[in-house]
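Some notes on the structure that comes next.
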Number of protein chains: 2
Amino acid sequence: MLTIQQKRVLDFIRAFIHRHGHSPSLREIGEGIDIQSRGAVHRHVQTLIGRGVLKRTRSGWRTLELVETDEASSSLPLLGKIAAGRPIEAIPGHDEVNIAEMLLGEERYVLQIEGDSMIDAGILDGDLVVIQHTDTANDGEIVVALIDNQEATLKRLFHLSGRRIKLVAENHKLSPLIYPADRVRIQGVLTGQLRSYR
Amino acid sequence: MLTIQQKRVLDFIRAFIHRHGHSPSLREIGEGIDIQSRGAVHRHVQTLIGRGVLKRTRSGWRTLELVETDEASSSLPLLGKIAAGRPIEAIPGHDEVNIAEMLLGEERYVLQIEGDSMIDAGILDGDLVVIQHTDTANDGEIVVALIDNQEATLKRLFHLSGRRIKLVAENHKLSPLIYPADRVRIQGVLTGQLRSYR
DNA sequence: CTTGAAAGTTCTCAAAAAGTTCACTATCCT
DNA sequence: AGGATAGTGAACTTTTTGAGAACTTTCAAG
């Protein structure tokens, strides 16, 4: 396990290589994470090499390389934020996302979406959604609702006065539906969504 | 069983690691659960280590780790398809999705999306996208493109005649941009997208 | 091939941050 | 009363870190 500074160094190197195509110098690392002493940076780098997450391909300048750690873990490096018109911007303190940890949980299951009824919420036809099993939900949450014990739908939920429930499809072409509360049973709440391309 | 305080300590550590990616210091634990004395926190931590729910990977700072009781796999049950107006329909032959397997891969990394430029493709502000590192892409694919070695953007790519490249933001309010091919460098291709609610 | 700047390496010193131990005290429960 | 649980604060040890200086190696221009 790395210390915080070691992580910062590794993080910086990863981002630098990704951006410039080559390894940074010790001085550049120092500037990037605000350390004056090249010696201190060197010690961090040596430690990282010792831990096996970095290597120097040969002696020389700018020869640091990341060791591809293809652990069978559920993590991917998180390089930063992307927005039109600016370079990728690092997110301090976060260098990894654990996908499994984000989406997995007790009493959860996956459904595949058919149709465009949630398209305005960024949920497209064919997407997978992760549902947390529960029979209660707060206003504004997206739920799996069973109507008359027959139709299951994924809709945004609102409680109205007079024990009525409004179910809103996130598609501007579709109108909200209002039911008496006893015709609607909540089966779960949306906790995640994922999509796979090509 | 654990006492109430021990449980609070454990819960705090779990949440902290989940949030920061590394273990908290004793002082931080103390601040988190409102104990002034590092000594008292230390005693709790030692007890938890004794009970086997925590461990210290090595001597040093911030080296606490949770002992994982139930091995978290990366799968969730796939119950079926959901569409408005019909019961949940089972998908024959599929009863499980392995989330890690879907999204992980060699040379992939994650970016967080900032802004609404891909909203029509179902990619919202704050979403995470999984990028496969590559310097080539096919027409119609969504890519991370670096323009003039400066601006990084996520756009849909099309090759035009005359060594020009069209980058299309998936937002009906934004117009496509056309560049000569030598100003655009492809850094990766979109392979996945995920979002976490509440 | 020489030369000098840039980069990497090695070292000592000091300080800050974190972990450990301990004596004393307080509260709750039986 | 007595034990379990808990908190405080001080003293102490260990680990991590940065600064800076001196040294060696690399690389390319001339």
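Within every chain, numbering begins at 1; the chains are lettered A, B, ... in the order of the sequence lines, protein sequences first and strands thereafter. Values reported hereafter were calculated over all heavy atoms of this structure, with side chains retained and with hydrogens, waters and symmetry mates removed.
- Taking atom CD of B:Glu31 as the reference point, atom C1' of D:dG7 lies 16 Å away to the nearest angstrom.
- A side-chain donor-acceptor contact under 3.5 Å links B:Gln193 and A:Gln193.
- Donor-acceptor pairing under 3.5 Å, judged by distance alone, is absent between the side chain of B:Arg38 and the base of D:dG9.
- One atom, CZ of B:Arg62, and another, C1' of C:dA16, lie 13 Å apart when rounded to the nearest Å.
- Within 6.0 Å of atom CZ in B:Arg27, 12 or fewer heavy atoms from other residues, nucleotides or ligands are found, so the atom counts as exposed in its surroundings.
- A side-chain N or O of B:Thr63 and one of B:Arg56 form a donor-acceptor pair less than 3.5 Å apart.
- Between A:Arg8 and A:Asp11 there is no salt bridge, since none of the side-chain N atoms of the basic residue sits less than 4.0 Å from a carboxylate O of the acidic one.
- What separates CG of A:Leu26 from P of D:dG20 is a distance of 17 Å, to the nearest Å.
- For C:dA17, the OP1/OP2 oxygens have no side-chain nitrogen or oxygen of A:Gln5 closer than 4.0 Å.
- Note on A:Gln36: every side-chain N or O is 4.0 Å or more away from OP1 and OP2 of D:dG18.
- The side chain of A:Thr3 contributes no N or O atom lying less than 4.0 Å from OP1 or OP2 of D:dT15.
- Interface residues of residues 45-52 of chain A facing DNA chain D, ordered by number: none; criterion, heavy-atom separation under 4.0 Å.
- The 12-atom threshold is not exceeded at CZ of A:Arg163, counting heavy atoms of other residues, nucleotides or ligands nearer than 6.0 Å.
- If you find the closest nucleotide of DNA chain D to B:Val41 and to B:Gly60, the one lying nearer the 5' end belongs to B:Val41.
- Proximity of A:Ser25 to the phosphate of C:dA6: no side-chain N or O atom is located under 4.0 Å from OP1 or OP2.
- Nucleic acid contact for B:Ile35: sugar-phosphate only, since backbone atoms but no base atoms lie under 4.0 Å from a heavy atom of the residue.
- Counting all heavy atoms, side chain and backbone alike, B:Asn98 lies closest to B:Glu101 at OD1-N, 2.9 Å.
- If you measure from atom CD of A:Glu65 to atom C1' of C:dG8, you get 17 Å, rounded to the nearest angstrom.
- Closest contact between the side chain of B:Ala40 and the listed nucleotides C:dT9, D:dG7, C:dT20 involves D:dG7.
- Hydrophobic clustering, with ILVMFWY side chains joined whenever heavy atoms are under 4.5 angstrom apart, groups A:Val189 together with A:Leu157.
- Using a 30° and 60° split on the angle between ring planes, B:His133 and B:Tyr109 fall in the tilted class, from 30° to 60°.
- B:Pro24 approaches B:Phe12 most closely through the heavy-atom pair CB-CE2, 4.2 Å.
- Spacing between atom CD1 of B:Ile29 and atom P of D:dA6 amounts to 15 Å, rounded to whole angstrom units.
- Put simply, B:Arg56 has a side-chain N or O that comes within less than 4.0 Å of OP1 or OP2 on C:dT20.
- At whole-Å resolution of the value, CD1 in A:Ile33 and P in D:dG18 are 7 Å apart.
- Taking only side-chain nitrogens and oxygens, B:His42 comes nearer than 4.0 Å to OP1 or OP2 of C:dT20.
- B:Trp61 has its CH2 atom 9 Å from the C1' atom of D:dT14, to the nearest Å.
- Residue B:Arg58 places at least one side-chain N or O under 4.0 Å from the OP1 or OP2 atom of D:dT16.
- Listed pair B:Gln6 / D:dA6 meets the phosphate criterion, a side-chain N or O lying under 4.0 Å from OP1 or OP2.
- B:Glu28 comes within 4.0 angstrom of nothing in the nucleic acid, heavy atoms only.
- Rounded to whole angstrom, the span from the CD1 atom of A:Ile4 across to the C1' atom of D:dT15 amounts to 13 Å.
- Side-chain proximity of B:His44 to D:dT14, D:dA6, C:dA6: nearest is D:dA6.
- Dashed line: the shortest gap from a side-chain N or O of B:Ser59 to OP1 or OP2 of D:dT15 is under 4.0 Å.
- Using a 4.0 Å heavy-atom cutoff across all strands shown, B:Arg43 reaches at least one base atom of the nucleic acid.
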